[in-house]
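Working notes, structure below.
Just so we're on the same page: letters track the sequence lines, and every chain starts at 1. The analysis underlying the following values was restricted to heavy atoms, covering all of them including side chains, and did not include hydrogens, waters or symmetry mates.
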Amino acid sequence: MTEPPAPAIRLDHVSRSFGEVTAVDNVSLDILDGEFFTLLGPSGSGKTTCLRIIAGFDQPDAGRVLLHGADVTQLPPYEREVNTVFQDYALFPHMEVGANIAYGLMIRSVAKPERVRRVAEMLDLVRMPGLESRRPSQLSGGQRQRVALARALILHPRVLLLDEPLGALDLKLRQQMQVELKAIQQQVGITFIYVTHDQEEALTMSDRVAVFNVGRVIQIGSPAELYEHPASPFVAGFVGVSNLISGELAQRITGSAETFSVRPEKISLQAVEQPSPDGHVSVKGSVRDVVYLGVHTRYLIELEGGGDLTVVEQNRDTTSMDVMSARGRQVRLVWDPKHNRRVSDGGGAALDPAG
Amino acid sequence: MQATALGARLQRPALHRLGTFIYLRPWLVLALLLGPPLLWMVVIYLGSLASLVVQSFYFLDPFTGQVIRKLTLSTYADLLTPANLEIFQRTALMAAAVSIAAAILAFPWAYYMARYASRRAKAALYLAVLLPLWSSYLVRVYAWRLILAKEGIVTWFLGALHLEGVLDAVLRLPVIGGPSLSVSFLGMFIVFVYVWLPYMILPIQAALERVPKSLLEASGDLGARPGRTFRHVTLPLALPGVLAGSIFTFSLTLGDFVVPYSLGNSSYFIGQAVLSFTGTAFNIPLAAAFTVVPMVIMGFYLIGARELGAFEAL
């Protein structure tokens with residue numbers, strides 16, 4: 001019997017409080033070697049504190065941090081084989097790009113020719129060849145981001161920590177960097193731990209995501225698992241848009257008053273007089289608001305008998321004129337009951353089609 | 001329609017219209033704001049400096065005691081005598097020693113203020129730095145003279161610890177020693193460091209305040225122990241602050257005459273020389289030439305600092 005390989009990072013019952021505030025509350029998680037792992041949560045949910053504890057900038061009040069099986073809880077940052085890409089990039093303003101990237105090598109007394117060679121290699125990796133002699137102040141936000149990444153990767157850390165690194169970039173650049181980051185991660189083959197509050201970013205890049213709320217890990221899973229089987233109303237609401245249905249309406253649809261969720265894109269709208277397909281859930285309502293988003297349109301539907309649902313439809317055949325005129329119209333909402341997700345029991349299992 | 005709108009505009013109060021007039025002309029705002037300080041700087045400050053430099057090229061007729069308003073280098077020939085060169089050297093060395101000591105004392109203080117102090121502690125530390133400046137500099141210098149005197153508290157304290165021998169040994173040292181601390185270069189040095197220390201602490205603290213914590217974390221993250229982080233990140237980024245502080249301490253020491261007068265022996269410093277040439281000897285050209293010297297020294301100092309890369313992080 002061989003032992004299974006130790007996880008790249010293990011947080012073992014880690015807690016950290018700042019005065020009255022419990023930032024991290026008894027968090028345990030395993031991050032596998034080579035994984036792109038994201039800590040996702042709203043601000044103040046403890047995800048950044050977790051990252052800082054892994055980096056060694058912050059010490060937990062309780063619990064242990066294991067790096068490839070070795071307890072590093074008491075080690076300072078400069079003795080841990082992890083490197084960090086900071087939210088504000090933290091490039092040294094008094095050094096050129098080349099010196100910034102070579103900093104870790106300089107500290108380790110690597111010879112100058114070797115440093116020059118590896119800096120050039122890193123600049124190629126982040127697609128900024130030949131910019132060694134620029135000053136950080138002469139770079140754009142996206143370029144600074146790449147330099148910060150190169151500086152952290154040049155030491156070949158076993159784990160790379162990224163603290164909301166794309167937060168300051170505009171949408172287009174962010175989407176481009178998301179794809180590039182993922183490609184670089186696959187190319188260098190090291191574990192990435194990524195902190196973000198942006199669920200779309202988390203879903204785009206991650207192998208697995210841990211959803212944080214008020215200092216706790218609420219759910220860990222692949223993007224698809226989180227989206228399709230949210231374990232709690234919080235996850236259902238934070239990862240994508242969710243429509244929570246409870247009480248009398250839930251009773252009528254599923255035969256149980258338990259809260260369930262159905263994603264907006266699973267619901268289709270049709271005219272009231274049109275009959276619903278067999279075996280589908282059918283609910284009547286009126287269109288209260290329409291948001292035209294180009295690719296698709298988001299409708300806010302007020303249900304007959306109370307409650308709101310969001311519905312998203314592609315604008316394949318409809319124009320903005322069509323969708324805008326839908327406001328106030330009576331409609332029938334139709335969806336396949338297999339898309340109903342129970343969210344209150346923490347399991348996120350599909351509900352049995354009932355009634 | 002347009003006529004009414006225009007009419008409404010014209011009916012606004014005159015002050016209102018003046019405000020709009022100025023708002024639409026940014027150069028006017030700039031001129032109004034910068035005019036007075038520029039007038040002050042250029043005409044009064046630089047103007048008097050220029051007049052000083054010009055006067056240093058006049059000379060005093062030794063027979064009549066009249067200032068001859070003709071440009072000549074003869075005053076500078078008088079200036080560069082061995083005795084005067086000794087005064088420059090003495091003053092510059094004192095200024096350098098004071099600046100270095102002040103920087104060494106100020107740095108930990110400023111570092112603590114910028115990095116660790118709570119808001120309350122920071123306010124208290126600010127007060128501690130600034131409080132001495134509320135009282136007269138002259139009074140403080142004389143207070144120090146009493147503290148350092150033979151009958152003063154320092155001698156008494158060391159006596160109580162049976163360490164008079166140490167004080168005597170220090171005072172027997174050549175150059176820095178003297179009959180008592182209150183009449184020695186060492187005592188002068190102590191007082192200079194004390195009176196100029198706030199001017200060193202504040203710029204260093206301001207420079208350290210601007211260094212984001214993440215830079216220090218990044219350095220540690222990349223494997224640098226605290227000592228190396230200090231050498232490669234903190235110190236280079238604080239250097240402009242140290243330099244700004246040292247400009248204060250250096251130039252204030254170069255020009256001061258109160259401290260050498262109160263605590264020195266018969267060896268002159270630049271400030272005393274200027275005082276005696278304007279007052280007793282009434283040799284204004286020579287006094288002016290003496291004043292040009294610290295400016296030249298400061299010029300060389302700034303060039304040297306630039307060569308050392310002190311402005312890199314600006």
Side-chain angles (χ1 to χ4, degrees), chain A residues 19 48 51-58 72 75-96 99-110 115 122 135-137 144 147-157 159-165 168, chain B residues 103 107 110-111 114-122 203-247 302 304-314:
Chain A
T48 295
L51 197 79
R52 293 176 57 81
I53 286 173
I54 296 171
F57 303 138
D58 211 338
V72 296
L75 290 186
Y78 47 89
E79 284 174 7
R80 298 190 188 194
E81 274 182 85
V82 298
N83 288 121
T84 308
V85 175
F86 290 82
Q87 187 169 14
D88 62 358
Y89 316 137
L91 299 181
F92 305 123
H94 56 301
M95 296 180 194
E96 292 169 350
N100 260 286
I101 298 176
Y103 190 81
L105 299 179
M106 187 266 288
I107 293 295
R108 278 168 183 69
S109 311
V110 172
R115 281 195 301 212
M122 278 298 140
R135 287 268 165 173
S137 56
R144 282 178 209 187
V147 173
L149 186 65
R151 185 179 67 177
L153 281 173
I154 200 166
L155 295 172
H156 304 307
V159 175
L160 184 74
L161 309 175
L162 302 104
D163 184 11
E164 308 213 19
Chain B
F107 208 98
Y111 194 82
R115 280 268 165 268
Y116 298 108
S118 65
R119 279 182 55 170
R120 219 170 239 279
K122 202 187 252 183
I204 296 181
Q205 190 257 345
L208 286 171
E209 201 90 47
R210 282 196 303 268
V211 178
K213 197 170 163 230
S214 64
L215 289 187
L216 309 183
E217 289 181 347
S219 173
D221 188 70
L222 293 164
R225 298 178 157 273
R228 306 199 72 185
T229 295
F230 182 81
R231 206 180 103 206
H232 293 295
V233 181
T234 313
L235 196 58
L237 292 174
L239 215 51
V242 177
L243 186 77
S246 72
I247 290 172
L302 289 180
R306 194 189 61 188
E307 292 302 308
L308 283 174
F311 302 109
E312 291 279 292
L314 282 183

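- Of the atoms belonging to R52(A), it is side-chain heavy atoms, and not backbone ones, that fall under 4.5 Å from chain B.
- Residue L91(A) touches chain B through its backbone alone, counting heavy-atom pairs closer than 4.5 Å.
- Within the 3.5 Å criterion, the main-chain N or O of Y78(A) finds no donor-acceptor partner in the side chain of R225(B).
- Taking every heavy atom of both residues into account, S219(B) and Y103(A) meet most closely at OG-OH, 2.7 Å.
- The distance from the CG atom of D58(A) to the CD atom of E217(B) is 9.0 Å, given to the nearest 0.5 Å.
- Counting heavy-atom pairs closer than 4.5 Å to chain B, the top residue among R80(A), M106(A), E81(A) is M106(A).
- Of the two parts of M95(A), only the side chain, counted from C-beta on, holds a non-hydrogen atom closer than 4.5 Å to a non-hydrogen atom of chain B.
- Here the side chains of F57(A) and D221(B) are in contact, with some heavy-atom distance below 4.5 Å.
- For F92(A), the parts sitting under 4.5 Å from any heavy atom of chain B are the backbone and the side chain alike.
- For chain B, the nearby part of E79(A) is the side chain; its heavy atoms alone come within less than 4.5 Å.
- We find the NE2-NE2 distance between H232(B) and H94(A) to be 9.0 Å, quoted to the nearest 0.5 Å.
- Counting heavy atoms of neighbouring residues, nucleotides and ligands inside a 6.0 Å radius, atom CZ of R115(B) exceeds 12 of them.
- When side chains are defined from C-beta on, N83(A) counts as touching L222(B), because their heavy atoms get closer than 4.5 Å.
- Annotation: side chain of Y89(A) is not in contact with side chain of L215(B) (no heavy-atom distance under 4.5 Å).
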